[in-house]
Amino acid sequence: MRHFLEADDLSPSEFTRVLGLAELPDPPQVLAGKGVALIFEKPSNRTRNATEMAVVGLGGHPISIRGEEIGLGVRETVEDVTRVLARYHQVVAARVFEHATVEAMAKVDEVPIVNLLSDLAHPCQALGDVLTLRQRWGALPGHTVAWVGDGNNVARSLTLACSLVGVDVRLACPPGHGLDAAVLDGARARGVNVTQVADPAEAVEGADAIYTDVWVSMGQEGEKAEREHDFEGYQVDEVLLGRAAPGAVFLHCLPAHRGQEVSAAVIDGPASAVWDQAENRMHAARGLLLWLLGEGRS
Ligand code: CP
Ligand code: NVA
């Protein structure tokens, strides 16, 4: 039984295999007549639609459930909810406030668990993002991605995912908002260069892609004023983009706030790959489901 709670739950070769499965033109209908449960404790546009349509693409039936509807950990324990869903579904996926919730689901070990975003990680996003970069660049190793902004769930999964495919990462985060040293060291241990600085200009100099995300993630609404203050000067605008390599790609997991973490000219401009990223969430989810269900596993 394999689970996908963070990008590096897959080995480098497994991660690349999933990317290959994501691009299968005629995927086997391994979910014909079968179900996948998707639990959402937080709002979603891309993740819900992309994952539901990935299930449909494999012949299956997705059932999306709001957290409060099943009372995850309130009406029933997380473990009991998981054991019951495992009797109906081939995979259980969940978007949760606390990463410990998906860990508790995985410990039940009766059905593969997929993390659809937690406070700590967003590995399905990272799969789609690396797929997007591979479509743009062909070979991935030797390229550099610059992250500008919050060292959040998306930054963490992206950094780990890049380390699995040989892509260097340069993060620019305000003091107190960076990734933990353990994550940086874990990525470096796979042989890629990973640096974390405070200055966005330093991080993006000559980079092949610039990625940013919201300054206030879901669940952090109470810190909005403080965060907006801390992230002043971290907007990805045309001046910052101009410091990157010629032809550099702009990435954002979305939802985006034009005029805050990114200027309208950048996200709506020629460098932006954000709509391909959004589409690739679906292809990546289909590849991941195929792999979790045993396709292409030795
Ligand atoms: N990028 C992403 O996960 O979007 P949603 O929150 O809309 O699912
Ligand atoms: N960091 C954001 C990503 C949303 C897809 C959040 O957690 O809200």
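For ligands, and for the atoms within them, numbers begin at 1 and follow the listed sequence.
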Counting heavy atoms only, which part of His122 comes closer than 4.0 Å to ligand 1: side chain, backbone, both or neither?
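Just the side chain.
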[Y] side chain reached by [X] side chain, heavy atoms, under 4.5 Å:
X: Tyr234; Y: Glu261; result: no
X: Met218; Y: Phe97; result: no
X: Ser13; Y: Thr16; result: no

Between [X] and [Y], does any side-chain N to carboxylate O distance fall below 4.0 Å?
X: Arg83; Y: Glu79; value: no
X: Arg170; Y: Glu202; value: no
X: Arg243; Y: Glu205; value: yes

For [atom], what's the nearest protein heavy-atom neighbour? Residue, atom name and distance, please.
atom: atom 7 (O) of ligand 1; result: Asn45 N, 2.6 Å
atom: atom 8 (O) of ligand 2; result: Met218 N, 2.8 Å
atom: atom 3 (C) of ligand 2; result: Asp213 OD2, 3.6 Å
atom: atom 5 (C) of ligand 2; result: Leu254 O, 3.6 Å

Would His122 count as a polar contact of ligand 2, with the cut-off being nitrogen or oxygen pairs under 3.5 Å?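 So ligand 2 has no N or O lying under 3.5 Å from an N or O of His122.
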Notebook entry, point to check: What about Asn153: any of its N or O atoms under 3.5 Å from an N or O on ligand 2?
Noted result: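 The answer is yes, given that Asn153 and ligand 2 share an N or O pair closer than 3.5 Å.
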- Query: With under 30° as parallel and over 60° as perpendicular, where do the rings of Trp137 and His143 fit, or are they tilted in between?
  - Reply: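 Aromatic pair Trp137/His143 classed parallel.
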Please check if any side-chain donor atom of Glu238 sits under 3.5 Å from a side-chain acceptor atom of Ser263, or the reverse.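 Side-chain D/A pair, Glu238 to Ser263: absent.
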Decide whether Asp230 and His177 meet the rule of one side-chain donor and one side-chain acceptor closer than 3.5 Å.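 Indeed, the side chains of Asp230 and His177 share at least one donor-acceptor pair under 3.5 Å.
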Quick one: look at Asp150 and ligand 2, take heavy-atom pairs under 4.0 Å, and tell me if it's side chain, backbone, both or neither.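 Looking at Asp150 and ligand 2, no heavy atom falls under 4.0 Å.
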| What do we get for Thr47 next to ligand 2 when only non-hydrogen atoms under 4.0 Å count, side chain, backbone, both or neither? |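 No part of Thr47 comes within reach of ligand 2.
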The one among Arg95, Met218, Arg46 that brings a heavy atom closest to atom 6 (O) of ligand 1 |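 Of the listed residues, Arg95 has the closest heavy atom.
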Can you list the residues that meet the side chain to side chain contact (heavy atoms under 4.5 Å, CB included) rule with Arg136, with sequence neighbours excluded?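 Val249, Ala273, Asp276.
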Below 3.5 angstrom, do we get any N/O pair linking [X] and ligand 1?
X: Leu117; answer: no
X: Thr47; answer: yes
X: Cys253; answer: yes

Show me which atoms of ligand 1 lie under 4.0 Å from any heavy atom of Arg281.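 Taking each heavy atom of Arg281 in turn, ligand 1 has 1 (N), 2 (C), 3 (O) under 4.0 Å.
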Provide the number and element of each atom of ligand 1 under 4.0 Å from a heavy atom of Leu254.
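Answer for ligand 1: 1 (N), 2 (C), 4 (O).
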Go through ligand 2 atom by atom and flag the ones less than 4.0 Å from a non-hydrogen atom of Leu117.
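Those of ligand 2 that fall under 4.0 Å from Leu117 are 3 (C), 4 (C), 5 (C), 7 (O).
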